[in-house]
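Every number for a ligand or one of its atoms is a count from 1 in the order of the listing.
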Amino acid sequence: MTIENKVVIITGASSGIGEATAKLLASKGAKVVLAARREDKLERITSEIINAGGKATYRVTDVTKPEDNQKLVDLAKENFGKVDAIFLNAGIMPNSPFSALKVNEWNEMIDINIKGVLNGIAAVLPTFKEQKSGHVITTSSVAGLKSYPGVGVYGATKWAVRELMEVLRMESAQEGSNIRTATLYPAAINTELLESITDTDTLKGATALYEQHGITPDRIANVVAFAIDQPEDTNVNEFTIGPTSQPW
Ligand code: NDP
């Protein structure tokens, strides 16, 4: 089965990569369920998709709350009858050096970037096991593949996502549940991500990098569509995607 008629939940769908992916998948005939905290944005994007002839619904969701993730899966089933894929993409990146001691931001990143992904997996796994099919896709980062000064905690959350996804893939194969996994490792993509940076020097450096190299989030959406579009017996597991000009 290709993208058409697949039911896809997308977290972090109120901007950036999630928004671009929701729009692209809907334009290819998927039924998309959008999730994030900002309702005004979710409402606007959902309307845009529906007005363009697509099928979409949304639910205000805080991925750090297990019950919100569960309600999202319930909504997908109520509205569209099943869940074929979940794109666990919500994330924040308030980078800073350790010496700045922004401990609250460290904890927020751990809660959203790691526990948010785990909450999504926990919410959808029973359905996928019962169906004996499903697709878990996550947005890690190039910071989950190599180390960058000033990116210690964010990088750690993204390394964690890589580990969770690799073991999920192996266990799903062992258990015969036919669950596919794909992990994305983007470099500089122009979205709202830098808005969470409160450390002035870090923001300055990141802004300069993104202004020089950043590419648009639809580049990542294309890769999500590619992963979903593969035959059910084929798992395309990892993608590193970034600007041709960026040395990463
Ligand atoms: P954006 O800031 O544009 O999007 C982040 C999304 O996450 C928003 O929709 C935001 O919505 C949502 N979000 C944040 N916290 C929560 C929460 N607690 N519950 C639900 N949703 C939440 O940035 P991107 O599109 O770039 O980010 C998407 C993913 O891509 C992130 O995981 C990021 O780490 C990753 N990434 C991005 C790169 C880039 O260069 N842009 C590079 C590598 C990885 P809301 O505030 O409405 O809740």
Side-chain angles (χ1 to χ4, degrees), residues 9-24 32-46 58-72 86-95 105 107-120 123 137-146 148 151 153-162 164-165 182-197 203 205-221 223-224 238-243 246 248:
I9 294 172
I10 300 169
T11 71
S14 62
S15 62
I17 293 169
E19 174 180 357
T21 305
K23 287 179 172 169
L24 181 72
V32 290
V33 180
L34 283 69
R37 295 166 301 182
R38 289 170 296 177
E39 183 159 25
D40 55 334
K41 298 217 170 217
L42 291 174
E43 200 171 12
R44 174 184 58 76
I45 297 161
T46 304
Y58 74 85
R59 187 174 198 287
V60 174
T61 302
D62 182 343
V63 295
T64 66
K65 297 181 178 158
E67 63 276 16
D68 277 17
N69 292 265
Q70 190 55 57
K71 284 178 184 155
L72 205 49
I86 190 162
F87 181 27
L88 300 170
N89 164 72
I92 58 167
M93 191 184 71
N95 286 336
E105 293 180 353
N107 284 319
E108 263 178 29
M109 282 190 274
I110 289 164
D111 286 344
I112 296 173
N113 299 1
I114 304 180
K115 292 187 192 168
V117 169
L118 280 172
N119 288 336
I137 303 164
T138 51
T139 319
S140 174
S141 165
V142 285
L145 296 173
K146 57 193 245 188
Y148 300 88
V151 186
V153 177
Y154 178 76
T157 66
K158 296 302 188 178
W159 282 78
V161 168
R162 183 185 196 200
L164 302 176
M165 291 295 285
T183 308
L184 314 179
Y185 302 95
I189 312 298
N190 289 325
T191 64
E192 296 179 12
L193 195 67
L194 302 192
E195 290 176 17
S196 64
I197 300 175
L203 180 59
T207 304
L209 177 89
Y210 277 64
E211 278 175 1
Q212 186 181 356
H213 296 292
I215 54 174
T216 54
D218 59 297
R219 307 296 199 266
I220 308 297
V223 175
V224 178
E238 294 192 312
F239 300 92
T240 304
I241 316 123
Q246 186 188 348
W248 304 350

Checking side-chain contact (heavy atoms from CB on, under 4.5 Å) against Phe87, which of Thr11, Thr138, Ile9, Thr139 comes through?
Thr139
Per-ligand residue contacts, ligand 1, heavy-atom threshold under 4.0 Å
Gly12, Ala13, Ser14, Ser15, Gly16, Ile17, Ala36, Arg37, Arg38, Thr61, Asp62, Val63, Asn89, Ala90, Gly91, Ile92, Ile112, Thr139, Ser140, Ser141, Tyr154, Lys158, Pro186, Ala187, Ala188, Ile189, Thr191, Glu192, Leu193, Tyr210
State, yes or no, whether a side-chain contact exists between Tyr154 and Ile92 at a heavy-atom distance under 4.5 Å.
no
With sequence neighbours left out, write down each residue that passes salt bridge (Lys or Arg N to Asp or Glu O under 4.0 Å) with Glu192, or none if nothing qualifies.
Arg38, Lys41
Partner set under side chain to side chain donor-acceptor pair (under 3.5 Å) for Lys23, not counting sequence neighbours:
Glu19, Glu48
Set of residues satisfying side chain to side chain donor-acceptor pair (under 3.5 Å) with respect to Asn95, sequence neighbours excluded
none
Any Thr21 side-chain heavy atom under 4.5 Å of Asn89 side chain:
no
